[in-house]
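Labels below follow one simple rule: chain letters A, B, ... track the order of the sequence lines, proteins then strands, and each chain is numbered from 1.
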Amino acid sequence: MNEKLLKPYDPKETEDRIYKLWEKGGFFAPEAHQHRTDNPNSEKSYTIVLPPPNVTGALHMGHALNSTIQDILIRKKRMEGYKTLWLPGTDHAGIATQNVVEKKLKKEGITRHDLGKEKFLEKVWEWKEEYGDKILGQLKKLGASCDWSHTRFTMDEDYQKAVEKAFLSYYEKGLIYQGERVINWCKRCQTSLSDLELEYEEEKGNLYYINYPLKDDTSRFVSVATTRPETMLGDTAVAVNPKDDRYKDLIGKIITLPIANREIPIIADIAIDKDFGTGAVKVTPSHSIIDSEIGERHNLPKLKIIDQYGKMAKEAGEEFEGLSSKDARDKVIEKLKELNLLEKSEEHTHRVSKCYRCNSVIEPQPSNQWFLKMKGLADKTKEAIESGKVMFNDEKWKKVTLDWLSNIRDWCISRQIWWGHKIPLEGTDDVLDTWFSSALWPFATLGWPNACTQNKNTCTPQSGTDLEQFYPTQVISTARDIINLWVVRMIFSGLEFMDDTPPFTNIIIHPTVLAKDGRRMSKSLGTGVDPIDLIDKYGADATRFGLIYQMMGNQDMKFDESHLLAGKKFANKLWNIARFVLQNANEKIKDQNAKLQFKMENLTKEDKEILEKLDAVTKSVNKDIEEYNFGQALHTLYDFIWHDFADVYIEYSKSKETEDVKKVLYLSLTSILKLLHPFMPFITEEIWGTVPVKDKKPLIIETWPI
RNA sequence: GAGCCUUUAGCUCAGUGGUAGAGCGUUACAUUGACAUUGUAAAGGCCGGUGGUUCAAUCCCACCAAGGCUCACCA
């Protein structure tokens, strides 16, 4: 027996060594299957693109879980003889990365404006080099069998060309347009944001009821309810529902807007809910997206009274100019009280939209931006999902996604930040929404558009290119919070640019890893867990085990470290099982390779039972992995290995040292190692290295036992 | 406001129309023989609440409660 097995298993020493063995052997490359002679899958490719982590920070538990899921799939397919490619990379993450670099500079007392654009971008690139490599290094620690020679970054030179090409292609088709519209504006980041880049928080505030006097009869009022009285300075109408009997006679009448003393009309619009507030709404077309839509329908003038920093603008009136909106609000209320026009105020909880990157309150603003028309692209995407060309692992996401696509607005794709892809047209310094480039990930990473045949609107890949070999991919695995931001956009981008071929067939939305108390894991809450610490403490295999063992169904999981302890114990158990079996494997077995023959009639009841169970376990584990029930597969293996094989059969074998028993032990061990390898790749590879098999290959490229 | 999910042992979770299961934790006993990161055994649950369907409900249905998620232009 190999002397290694006589010592206890040491993950720290083993894991780095094994990982190097795999890398040196070139086993992560798609060609790793070529050593096989009899391989029915040799022509089939199996591709997964890693959701590129942002270069903002470090690996978190979600990455660890997601990478383990993808690694399980890739390792199994590799063992099955497929031409596998797991393509890694990182995302430049526009606003997020610009913000972290700005924060770092702030500690040194400088702003990006002090540095200037060019110098600032140099700093961001330095950051990217440091953190981009770091996070990929952490994936290696976890055992991720990515093909590192295919590593991509969303701002690689080729990738930038792909982004340019995609933009111009939309533009030439008339799908991208520029226009002045009210958009979501982050006054901290000084940029526009798409509807998806907002987060909502409940806030307690007040609902103020203000009396607006009629011009012709100053004794009559229309009472309007608002949470933001200061915006009345920009009102250009009051709107009521056309079916609201209370106001029918007032439609078309004129109101004298208090404080500003402007004349504004009372209009009728179906967007108004009769039952909320007073049923009459002040309309501020410049500072509310809904109001701007009402304004467009009625050709209302726009009055921009709040500037890009959230301060009152000149148009708000001299006495308000320069005030913060809070101060302006206080002042407006004071004035209304003086005028005796504040009818009442009541407590009101409402949802405030905030920037998903810096948490500042969003200030809707009219702004000249670029938009991508969504209707047609959304319809294509819906068709692909409805017809089953792309499938979610859980039906509920299908429904949610289709609903979202049915109510979609045009996508504001321009951002006023410095870090990102420049809009490839003259006359603008804007960059693109970071998700515009992420949307191209499944094909831009594979050589699109250079790998396409010439003179075609859609792409037919040239023979032999990565694009031809590895597109479409088979499965994408990601977190639920980026289904709309990313997954949907990849689908329509694939359909648009790759000849109606969706970028993947299956979508795995994995559980969210929560802290044990059910709260979100986050650094600022102090609830975060660093997967690298866990790997140090338990080993990568045990960390993977702990995560997958807890992943039953698609429920979010409250992360419990005790499962990692179970994984560590299990690794030890496996190590000792191997030690026992290999101590007992005699010379004869060593010569016979893994294909051991039995005479069934000679086997005992116990022999037959364990072999039958092994067969059943092999089949169910295979099926569970194919159906993405990873937790279930691991439970099955755990129970079989520990309780059926070790507790029962190994104990039995001690009293019955026949040739057949040794064969059964040996055969079971080799199958177990193979079945367990996708889940716990390091220890299984290490043990495999000591197993006496003829013409043995590393386990990572051995044959899957079914 | 609409939709969805969860509730089972101290903790994290499986599960089934007919005596309730795992891991971790706890308790007792066992140790030079693959493994104390072990083995054997034990304690521990009116399966969130109330009604209904059924011979029979933790499971199916309705309602309620608590917690969570997603979407939406309620000012």
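- Ionic pairing of A:Arg181 and A:Glu293 is not present here: no N-O contact between side-chain nitrogen and carboxylate oxygen is shorter than 4.0 angstrom.
- A sub-4.0 Å separation between OP1 or OP2 of B:A72 and a side-chain N or O of A:Trp404 is present.
- Taking side-chain N and O atoms only, A:Arg409 has a distance below 4.0 Å to OP1 or OP2 of B:C73.
- Among the atoms of the strands shown, only primed sugar atoms or phosphate atoms (P, OP1, OP2) are found under 4.0 Å from some heavy atom of A:Arg480.
- Listed nucleotides: B:A75, B:C4, B:G25. Nearest to the side chain of A:Lys569: B:G25.
- Residues satisfying the ring pair (Phe, Tyr, Trp, His ring centres under 6.0 Å) test with A:His510, not counting sequence neighbours, are none.
- Both A:Tyr638 and A:Ile272 lie close to RNA chain B; mapped to their nearest nucleotides by heavy-atom distance, the more 5′-ward contact belongs to A:Tyr638.
- For the C1' atoms, the distance linking B:G23 with B:U37 amounts to 14 Å, nearest Å.
- Using a 4.0 Å cut-off between charged nitrogen and carboxylate oxygen, A:Glu561 and A:Lys537 count as a salt-bridge pair.
- For A:Asp533, the salt bridge (charged side-chain N to carboxylate O under 4.0 Å, His left out) test picks out no residue, with sequence neighbours left out.
- Comparing B:A20 with B:C24, their P atoms sit 23 Å apart, to the nearest whole Å.
- The nearest whole Å value for the distance from the CG atom in A:Asp273 to the P atom in B:A72 is 18 Å.
- When rounded to the nearest whole Å, the span between CG of A:Leu196 and P of B:C73 equals 11 Å.
- Comparing A:Val281 and A:Ala566 by the nucleotide of RNA chain B that holds the closest heavy atom to each, the one mapping nearer the 5' end is A:Ala566.
- Within 4.0 Å of A:His287, counting heavy atoms only, lies no atom of the nucleic acid at all.
- Atom pair A:Ile267:CD1 and B:A75:P shows a separation of 18 Å (rounding to whole Å applied).
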Legend entry - Under the 3.5 Å Watson-Crick or G-U criterion, the dot-bracket string of RNA chain B, with | for inter-strand pairs: (((((((..((((....[..)))).(((((.......))))).....(((((..]....))))))))))))....

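- For A:Ser668, the side chain to side chain contact (heavy atoms under 4.5 Å, CB included) partners are A:Leu614, A:Phe645, A:Val664, not counting sequence neighbours.
- A salt bridge links A:Asp269 to A:Arg297: one of the charged nitrogens lies within less than 4.0 Å of a carboxylate oxygen.
- The ring pair (Phe, Tyr, Trp, His ring centres under 6.0 Å) test applied to A:His348 returns A:Phe276, A:His350, not counting sequence neighbours.
- Atom pair A:Tyr200:OH and B:G68:P shows a separation of 20 Å (rounding to whole Å applied).
- B:A22 atom C1' lies 8 Å from atom NE2 of A:His643, rounded to whole Å.
- Of the P atoms belonging to B:U8 and B:U58, the separation is 15 Å, rounded to the nearest Å.
- Among the heavy atoms of the strands lying under 4.0 Å from A:Val400 are primed sugar atoms or P, OP1, OP2 only; no base atom is included.
- Take A:Ser345 and apply the side chain to side chain contact (heavy atoms under 4.5 Å, CB included) test, not counting sequence neighbours, and it matches A:Tyr208.
- Taking atom P in both B:C59 and B:U19, one finds a spacing of 13 Å when rounded to whole Å.
- B:C47 and B:G17: their C1' atoms are spaced 14 Å apart (whole Å).
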Inset, instruction - Report, as a single string ordered 5' to 3', how protein heavy atoms within less than 4.0 Å touch nucleotides 6-14 of chain B: B base, S sugar-phosphate only, - not at all. - result: S----SBSS

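- If you take CG of A:Asp410 and C1' of B:C73, they are 16 Å apart, rounded to a whole angstrom.
- The existence of a salt bridge linking A:Lys623 and A:Glu627 is confirmed by a sub-4.0 Å separation between a basic side-chain nitrogen and an acidic carboxylate oxygen.
- Applying the side chain to side chain contact (heavy atoms under 4.5 Å, CB included) rule to A:Ala64 yields the partners A:Leu142, A:Pro531, A:Leu547; only residues at least two apart in sequence or on another chain are considered.
- B:U6 and B:C60 are spaced 10 Å apart, taking the P atom of each and rounding to whole Å.
- If you take CZ of A:Phe570 and P of B:G23, they are 12 Å apart, rounded to a whole angstrom.
- Within the nucleic acid shown, A:Ala225 comes within 4.0 Å of at least one base atom, counting heavy atoms only.
- For A:Thr636, the side chain to side chain contact (heavy atoms under 4.5 Å, CB included) criterion is met by A:Val617, A:Ser620, A:Val621, A:Asp624, A:Gln632, not counting sequence neighbours.
- Nucleotides B:C55 and B:U16 have their P atoms positioned 24 Å apart, rounded to a whole Å.
- Across the C1' atoms, B:G18 and B:U54 are found 12 Å apart, a figure rounded to whole Å.
- Applying the ring pair (Phe, Tyr, Trp, His ring centres under 6.0 Å) test to A:Phe559 and every residue at least two apart in sequence or in another chain returns nothing.
- No engagement by A:Asp403 is indicated, since no non-hydrogen atom pair under 4.0 Å with the nucleic acid exists.
- Every ring pair (Phe, Tyr, Trp, His ring centres under 6.0 Å) that A:Tyr649 has, sequence neighbours left out, goes to A:Tyr652.
- Taking atom CZ on A:Arg351 and atom P on B:A72, their separation rounds to 9 Å, with Å as the unit.
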Using a cut-off of under 3.5 Å, enumerate the N/O to N/O pairs linking the protein to nucleotides 32-35 of chain B.
residue: B:A34; atom: O2'; partner: A:Asn576; partner atom: OD1; Å: 2.9
residue: B:A34; atom: N7; partner: A:Lys654; partner atom: NZ; Å: 3.3
residue: B:A34; atom: N6; partner: A:Glu651; partner atom: OE2; Å: 3.1
residue: B:A34; atom: N3; partner: A:Asn576; partner atom: O; Å: 3.0
residue: B:C35; atom: O4'; partner: A:Asn576; partner atom: OD1; Å: 3.0
residue: B:C35; atom: O4'; partner: A:Asn576; partner atom: ND2; Å: 3.3
residue: B:C35; atom: O2'; partner: A:Asn572; partner atom: ND2; Å: 3.0
residue: B:C35; atom: O2'; partner: A:Asn576; partner atom: ND2; Å: 3.3
residue: B:C35; atom: O2; partner: A:Lys573; partner atom: NZ; Å: 3.1
residue: B:C35; atom: N3; partner: A:Lys573; partner atom: NZ; Å: 3.0

Inset, instruction - Just do the salt bridge (Lys or Arg N to Asp or Glu O under 4.0 Å) check on A:Glu201 and A:Lys354 with the steps written out, would you? - result: CA-CA 7 Å; A:Glu201 273 178 38; A:Lys354 300 192 166 182; 3.1 Å; yes

